[in-house]
Amino acid sequence: MKHLKFFLLLLPILFFAQKISGVQLFNPQTNDETPVIKFGEQLILNFDDLNNSSTVYKYTIKHLDRNWQDDGLFFTEFAKGNLNGLIQNYQYSFNTNQRYTHYTLNFPNDKMQPKISGNYELIVFLDSASKPLFKKRFCVVEDGASVGVSISRFADSKRPDINQRVEVAAVSNQADVLANINSISLNVIQNNNFNMGVFNVKTNSLLGSKILFQQLDLVFPGNNEFYYFDNKIIDQPFDAVASVLNNQEGNHTYLHSVWAYPLNYQYQPDVNGAFYFRRNDLGIERNADTEGDYSWVYFSVDSEKIDKELFVLGAFNDFNPSDENKMIYDENVKKYIAKIYLKQGFYNYIIATKDGSDNLNFGEINGSFWQTENLYQAFIYYQAFGKNYDGLVGYGEYRRALR
């Protein structure tokens, strides 16, 4: 209980104006956290209102170009149906310390449907889409190309921190795609983390109907396997959880400290930064949508103080560094510590550093190795003749480890 006491003493109770939490957007057809769908498929949006109200939220969508920038299209150019929709499917939480209202939206639906492929934002708001409560990226891919992705070890004495090379081959079944080869480009994202992306890569060769991207500079740091914890059992220490505290002030989950700067790679299965809500009571699996409780989760890293900022990042916060996930250094215990309010379940996370130029590094604390298993996602874009938008003609993934 010693480390439990130092957390309670060192970290004041932090209350912040958090209203929306537990946001998920995923593809149930593939049981995948990646929000990429084909025409005719649906995404599921879940989120919780911690005010426990019965507010009717609104949503809309926006089409973006291949660089995720506003392309200036009007709603009627990229979608059918109503400009704004209502999120009316909600349930109140049950048997939880933290009361909340759980909202669900299946999209596209009969009220609103994208009619062109490409990059989109789903925007949730109260009164005006110009004042969003949150946005989530998603993609609609057309059946224009089969995309294969391969990964190899990359060694370069000039860039020792770069150690995985990506190669992509796309086989197109559309004549207009091959006829408009100069408009084709590739984006590659690592682990659904847009901070780890290479954008606007042009093809370097065309072999019949095969479009190849084999550039030597299409490379990534391997980084390391994600840390994880599982607090599906809220009142007992479980996987990577050192101790728990449950009182009138709420639930508290204290994780084992992690070591900084590992010297060697050690394989540890992960889910590439993803997270899944779960609640289990005495072996009984509950409905986490409405019965999953919330807990303050305490993260810590054993390290000397460095001249950079540290953040706890993962898909649960879109890998977005903010004050809520920033780690604070405590000289007395030689640890970086963060305290984040999260819905119970299974989480992957990583410790990222940010320097004075706002550059994020995902391998400085965790280490970076060529053997690391990563999810690589390849997006092939093109602009058809006579069109004024970037379509997504193909999508592919690579998930296996290098050996």
Side-chain angles (χ1 to χ4, degrees), residues 25 27 29 34-43 45 58-85 105 107-125 128-130 132 134-147 149 168-189 192 194 197-204 206 209 211-213 318 377-397:
L25 184 66
N27 183 342
Q29 288 84 210
T34 303
V36 178
I37 56 172
K38 301 175 182 178
F39 286 104
E41 295 182 342
Q42 280 190 316
L43 294 165
L45 172 70
K58 301 175 184 178
Y59 70 95
T60 190
I61 60 173
K62 177 64 182 171
H63 192 272
L64 304 173
D65 68 15
R66 67 186 73 193
N67 299 312
W68 294 95
Q69 301 298 314
D70 189 349
D71 58 11
L73 294 183
F74 293 109
F75 181 84
T76 53
E77 294 181 273
F78 59 79
K80 298 181 291 185
N82 301 327
L83 173 61
N84 300 322
L105 173 70
F107 178 85
N109 49 52
D110 58 355
K111 301 294 191 299
M112 188 187 306
Q113 313 94 35
K115 63 182 184 182
I116 62 175
S117 67
N119 294 338
Y120 285 87
E121 279 184 337
L122 177 64
I123 304 168
V124 175
F125 61 97
S128 171
S130 64
F134 64 88
K135 301 178 181 180
K136 294 294 288 184
R137 291 177 172 181
F138 71 95
C139 298
V140 178
V141 58
E142 58 190 81
D143 187 20
S146 299
V147 180
V149 184
V168 177
V171 179
S172 176
N173 55 24
Q174 294 183 358
D176 62 328
V177 173
L178 297 173
N180 199 17
I181 195 68
N182 290 330
S183 77
I184 293 176
S185 69
L186 167 73
N187 292 352
V188 178
I189 308 297
N192 278 299
F194 283 83
V198 176
F199 301 90
N200 260 329
V201 179
K202 295 294 185 180
T203 178
N204 66 336
L206 184 65
S209 61
I211 306 164
L212 302 177
F213 301 86
D318 289 328
Q377 304 155 276
F379 302 80
I380 308 290
Y381 298 92
Y382 85 117
Q383 187 170 115
F385 287 116
K387 302 296 183 180
N388 60 345
Y389 68 89
D390 293 329
L392 181 58
V393 69
Y395 171 76
E397 296 180 350

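The analysis underlying the following values was restricted to heavy atoms, covering all of them including side chains, and did not include hydrogens, waters or symmetry mates. All residue numbers in this chain count up from 1 along the given sequence.
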| task | Kindly give the heavy-atom pair with the smallest separation between Asn109 and Tyr59, and that separation in Å. | result | ND2-OH, 3.0 Å
| field | cation_pi(Arg137, Phe194) dist<6.0 Å, angle<=45 | value |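 Yes.
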| Tell me the salt bridge (Lys or Arg N to Asp or Glu O under 4.0 Å) pairs involving residues 108-122, sequence neighbours left out? | Glu121-Lys135
| query | Taking only residues two or more places apart in sequence or in another chain, which ones pass side chain to side chain contact (heavy atoms under 4.5 Å, CB included) with Phe134? | reply |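 Listed in chain order: Ile20, Val23, Leu45, Phe47, Val124, Lys136.
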Please check this pair: side chain of [X] against backbone of [Y], looking for a donor-acceptor N/O pair closer than 3.5 Å.
| X | Y | answer |
| --- | --- | --- |
| Asp65 | Trp68 | yes |
| Ser183 | Tyr382 | no |
| Lys62 | Leu73 | yes |
| Asn67 | Gln69 | no |
| Ser185 | Asn200 | no |
| Thr203 | Leu212 | yes |
| Asn187 | Arg66 | yes |

| said: Looking only at the side chains, is there a donor atom on one of Asn119 and His63 sitting less than 3.5 Å from an acceptor on the other? | reply: no
| task | For the residue pair Asn192 and Thr34, confirm or rule out a side-chain donor-acceptor distance under 3.5 Å. | result | yes
| task | In plain terms, say whether Lys38 and Asp143 are close enough for a salt bridge, that is, a side-chain N and a carboxylate O under 4.0 Å apart. | result |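 Here Lys38 does not pair with Asp143 in a salt bridge, since their nearest N and O are not under 4.0 Å apart.
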| task | Classify the angle between the aromatic ring planes of Phe75 and Phe78 as parallel (below 30°), tilted (30 to 60°) or perpendicular (above 60°). | result |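 Because their plane-to-plane angle is over 60°, the rings of Phe75 and Phe78 count as perpendicular.
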